[in-house]
There are 2 protein chains.
Amino acid sequence: MVTMSTSHPESPKKYHHGNLRDTLITAALPILESHGPDKISLREVARTVNVSPNAPYKHFPTKEDFLAALASKGFQQLEMLLAPAKNLSAGCETYITFAVHNPHLYQLMFSPILATNCESSELEQASTAAYKTLLKHFNTHNPNDPRALHAWALIHGIATLRINGLLSHPVPFEQIAKAPLFMTDQLK
Amino acid sequence: MVTMSTSHPESPKKYHHGNLRDTLITAALPILESHGPDKISLREVARTVNVSPNAPYKHFPTKEDFLAALASKGFQQLEMLLAPAKNLSAGCETYITFAVHNPHLYQLMFSPILATNCESSELEQASTAAYKTLLKHFNTHNPNDPRALHAWALIHGIATLRINGLLSHPVPFEQIAKAPLFMTDQLK
DNA sequence: GATGTGATGTTGACATTGTCACCATTCACT
DNA sequence: AGTGAATGGTGACAATGTCAACATCACATC
């Protein structure tokens, strides 16, 4: 439970929302998914939460910082899904399924917004946490283990290609992952 | 050579530009690369070409159709670079290098803009042409060959991760690609 | 050669958006 | 009680995508 400032949540209208930051984020996730990361509007999110267009700016310096917060949320969700996976295959499947079920969120999570601006260390924290959990399934702790990078790049690639409808549906992940031999061979 | 309508290209100011469509595209590519796909503005492109804000609309029904045209251009460029590659390794290197050198273009090319709207069959044509050339390096003609999908997903994954600064520089492609064994193994 | 027709550009307008400056309310702490 | 920091609201501004209406030009047809 989040600590609310008042005891009665059903109080009709308070000048101060009490928990705007989180409310904005949870309200924004469906909007993000329906509009896409480049179309989502801070004002619309504010509207659906019944606050003024500028209320969000008391919690996020800029729109991109807000998007960074959404991405952080995404990494947290992904981490929570990834943690209980039983083996490598299940972990990969979970990862890809998350991406396919939340295409716009996933796209945002891996948007250059991450690499570039936004002081948001929350984002870096959440993403590295998720990556750490992923590494566990890859049987390593070294973030730069080439085997881990290979596996990550592979499932990330499959995920994004599938999101963009570039993989015919019936080709499942395992079938793709099991067939790298010629690659390894030909690179001698 | 493109057929120009007038013989003297250096005529000072003509009401009709003569080749606006192509001019817009070539002018937009640098802007795209400096601003990013979500920040580029149709009006700014028009401005740099010295036409009115609405001139582009005579050539593209909507902004997204314009972006689709840019993406098409990207696929054409990629195809041209890919075609002369001598072997698998060179092809992959070329692919990834293109992505890293034109991160925003590459991002646009694999943006959901492709999958969703825009009638632009030009885009589909250009992208499948590029993919076909890529398949050649993968020693197959079957677009759904799991080995090809694996290879494509892998280099696409590496490319996007690198674009987002998620791969420490020193880890080169071949080192990653050569290390898939445990993946193939553990999936039994 | 006059004409009119379709393609291409221009101008003006509108709603929406991100964001700034300033005002209002409330809570915590003295 | 009173003061200041959070937090929320209002108004304003420039930029953008896009629509409607108008202008100009190349060219085919008489």
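So you know, we letter chains A, B, ... as the sequences are listed, proteins then strands, and number each from 1.
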Length of the [atom1]-[atom2] vector between [X] and [N], whole Å:
| X | N | atom1 | atom2 | value |
| --- | --- | --- | --- | --- |
| A:F60 | D:dA6 | CZ | C1' | 15 Å |
| B:D38 | D:dG17 | CG | C1' | 15 Å |
| A:L20 | D:dG9 | CG | P | 7 Å |
| A:L42 | D:dG9 | CG | P | 13 Å |
| B:K39 | C:dT17 | NZ | C1' | 14 Å |
| B:E64 | D:dT16 | CD | P | 17 Å |
| A:K63 | C:dT19 | NZ | P | 8 Å |
| A:H59 | C:dT19 | NE2 | P | 16 Å |

Per the atom types in the model, does the base of [N] pair as donor or acceptor with the side chain of [X] at under 3.5 Å?
| X | N | answer |
| --- | --- | --- |
| A:R43 | C:dT19 | yes |
| A:R47 | C:dT16 | no |
| B:K58 | C:dG9 | yes |

For the residue pair A:H150 and B:H150, is the inter-centroid distance of their aromatic rings smaller than 6.0 Å? yes
Please verify the inter-ring angle class for B:H156 with B:Y106; under 30° counts as parallel, over 60° as perpendicular, anything in between as tilted. tilted
Less than 4.0 angstrom from a charged side-chain N to a carboxylate O is my criterion; do B:K39 and B:E44 meet it?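 Looking at B:K39 and B:E44, the cut-off is not met.
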Is [X] near enough to [N] that one of its side-chain N or O atoms lies under 4.0 angstrom from OP1 or OP2?
| X | N | answer |
| --- | --- | --- |
| B:S52 | C:dG9 | no |
| A:S41 | C:dG18 | yes |
| A:T62 | C:dT19 | yes |

Students often get this wrong, so: under 4.0 angstrom with heavy atoms, is B:A55 touching a base, only sugar-phosphate, or nothing?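 Counting heavy atoms under 4.0 Å across all strands, the contact made by B:A55 includes a base.
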Nearest non-hydrogen partners of A:R21 and A:A69, listed with the distance: NH2-CB, 4.1 Å
Both A:E44 and B:P53 contact DNA chain C. Which one's nearest nucleotide lies toward the 5' end?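 The answer here is B:P53.
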CD (B:E79) with more than 12 external heavy atoms under 6.0 Å: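 Yes, because the 6.0 Å sphere around CD of B:E79 holds more than 12 heavy atoms from other groups.
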